[in-house]
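All values derive from a computational prediction rather than experimental measurement. We're numbering straight along the sequence, starting at 1.
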Amino acid sequence: MSHAQDEVHLRSAIAAARQASARGDMPFGAVLVKDGQTLLTALNNQVTTSDCTGHAEVVLIREAAAQLGPDALRGATVYASGEPCAMCSGAMFWAGITRVVFGATTPDIGAALGGPSLGARCADVLASGSPLVEVLGPLLREEAVAALAPHA
């Protein structure tokens, strides 16, 4: 996929992060793309569902599997407004995602939001897997960091 296409899809994830923030959830969004087509967009829902695993990437995987079937995930790309944590990275690996593109980095997220943090970087978590998952980021970092601000 071209750099310009990556930016379009990542901007959709950043817009979803702003929507999550506006409704009172953590400011993260994720988009599932396969064969150049957007299949699904998801928002973090930790606060609105009282689910600590409601990270946008996990929500995306659960919703895609339920609505589209597990084959929709295999070989797809996830665009995430923020660098996926270790939990989300593992979930994407097990779902068969083959490419991850993210905006804000784990250190950016920690600086903006504070709170607990797993220091493992997405690329490091996924580097130990087989098959390998391509990780690209940060991309559109400034835009993604701006979405971390309250009610961006």
Side-chain angles (χ1 to χ4, degrees), residues 1-18 20-21 25-36 38-47 49 51-65 68 70-149 152:
M1 191 162 299
S2 76
H3 189 73
Q5 290 172 311
D6 283 338
E7 288 184 357
V8 167
H9 296 303
L10 187 54
R11 282 193 173 101
S12 293
I14 294 168
R18 289 189 185 99
S21 179
D25 280 302
M26 298 298 289
F28 299 101
V31 175
L32 181 68
V33 175
K34 189 169 185 179
D35 300 324
T38 298
L39 301 181
L40 197 67
T41 299
L43 285 64
N44 178 292
N45 67 12
Q46 287 176 276
V47 175
T49 63
D51 179 0
C52 64
T53 68
H55 293 199
E57 301 90 339
V58 171
V59 173
L60 185 73
I61 290 166
R62 288 178 182 156
E63 290 180 357
L68 308 170
D71 286 342
L73 293 157
R74 292 186 194 103
T77 297
V78 169
Y79 292 86
S81 62
E83 183 173 2
C85 72
M87 173 184 73
C88 294
S89 297
M92 289 186 295
F93 174 82
W94 292 116
I97 300 299
T98 56
R99 188 165 180 262
V100 177
V101 180
F102 68 87
T105 67
T106 297
D108 293 333
I109 294 164
L113 302 178
S117 175
L118 287 173
R121 303 296 297 268
C122 177
D124 295 337
V125 172
L126 292 172
S128 64
S130 178
L132 288 177
V133 176
E134 178 186 355
V135 178
L136 174 63
L139 182 66
L140 302 177
R141 185 177 182 186
E142 290 181 14
E143 291 177 40
V145 169
L148 296 171

Problem set entry | Side chains of His9 and Val101 in contact at under 4.5 Å (non-hydrogen atoms) | no

Exercise. Between Ala104 and Ala144, what is the shortest heavy-atom contact and its length?
Worked result: N-CB, 3.2 Å

For this session: Go through Met87 and Leu118 one step at a time and tell me if the side-chain contact (heavy atoms from CB on, under 4.5 Å) criterion holds.
Result: CA-CA 9 Å; Met87 173 184 73; Leu118 287 173; 5.5 Å; no

Exercise. Do you know the tightest heavy-atom contact between Ala127 and Leu132?
Worked result: O-CD2, 3.6 Å

Problem set entry | Expected output: side-chain Asn44 to main-chain Pro27 donor-acceptor under 3.5 Å | no

For this session: Heavy atoms only: give me the nearest Ser89-Val125 pair and the separation to one decimal.
Result: CB-CG1, 3.8 Å

Exercise. Which residue pairs pass the ring-ring contact (aromatic ring centres under 6.0 Å, His included) test with at least one member in residues 80-126, sequence neighbours excluded?
Worked result: none

Exercise. Within the distance-only criterion (no hydrogens, no angle test), does the side chain of Thr98 pair as donor or acceptor with the backbone N or O of Gly75 below 3.5 angstrom?
Worked result: yes

Exercise. Please walk me through it: do Cys122 and Val100 pass side-chain contact (heavy atoms from CB on, under 4.5 Å)?
Worked result: CA-CA 9 Å; Cys122 177; Val100 177; 4.3 Å; yes

Exercise. Step by step, would you call Val133 with Met92 a side-chain contact (heavy atoms from CB on, under 4.5 Å)?
Worked result: CA-CA 9 Å; Val133 176; Met92 289 186 295; over 6 Å; no

Problem set entry | Spacing of Leu148 atom CG and Arg18 atom CZ [to the nearest 0.5 Å] | 10.0 Å

Exercise. What's the shortest heavy-atom distance between Ala64 and Leu32, and which atoms?
Worked result: CB-CD2, 3.7 Å

Problem set entry | Non-hydrogen atoms of Ala72 and Lys34 that approach each other most closely | O-CD, 3.4 Å

Exercise. Who passes ring pair (Phe, Tyr, Trp, His ring centres under 6.0 Å) against Phe28, sequence neighbours left out?
Worked result: none

For this session: Report the distance from atom CG of Leu139 to atom CG of Leu10, rounding to the nearest 0.5 Å.
Result: 5.5 Å

Problem set entry | Listed once per pair and sorted, the side-chain hydrogen bond (donor to acceptor under 3.5 Å, both in side chains) pairs that draw on residues 116-127, sequence neighbours left out | Glu83-Arg121

Problem set entry | salt bridge (Lys or Arg N to Asp or Glu O under 4.0 Å) against Glu7, all qualifying residues, sequence neighbours excluded | Arg11

For this session: Please list all pairs passing the side-chain hydrogen bond (donor to acceptor under 3.5 Å, both in side chains) test where one or both residues lie in residues 128-137, with sequence neighbours left out.
Result: Arg99-Glu134

Seminar exercise, completed: Heavy-atom closest pair (Asp25 atom, Val47 atom, distance to 0.1 Å) is OD1-N, 2.7 Å

Distance-only criterion, 3.5 Å: show the donor-acceptor pairs between side-chain atoms of residues 55-63 and protein atoms not counting sequence neighbours.
residue	atom	partner	partner atom	Å
Arg62	NH1	Asp51	OD2	3.3
Arg62	NH1	Thr53	OG1	3.4
Arg62	NH2	Thr53	OG1	3.0

Problem set entry | Nearest-0.5 Å distance that lies between atom SG in Cys88 and atom CD1 in Ile97 | 11.5 Å

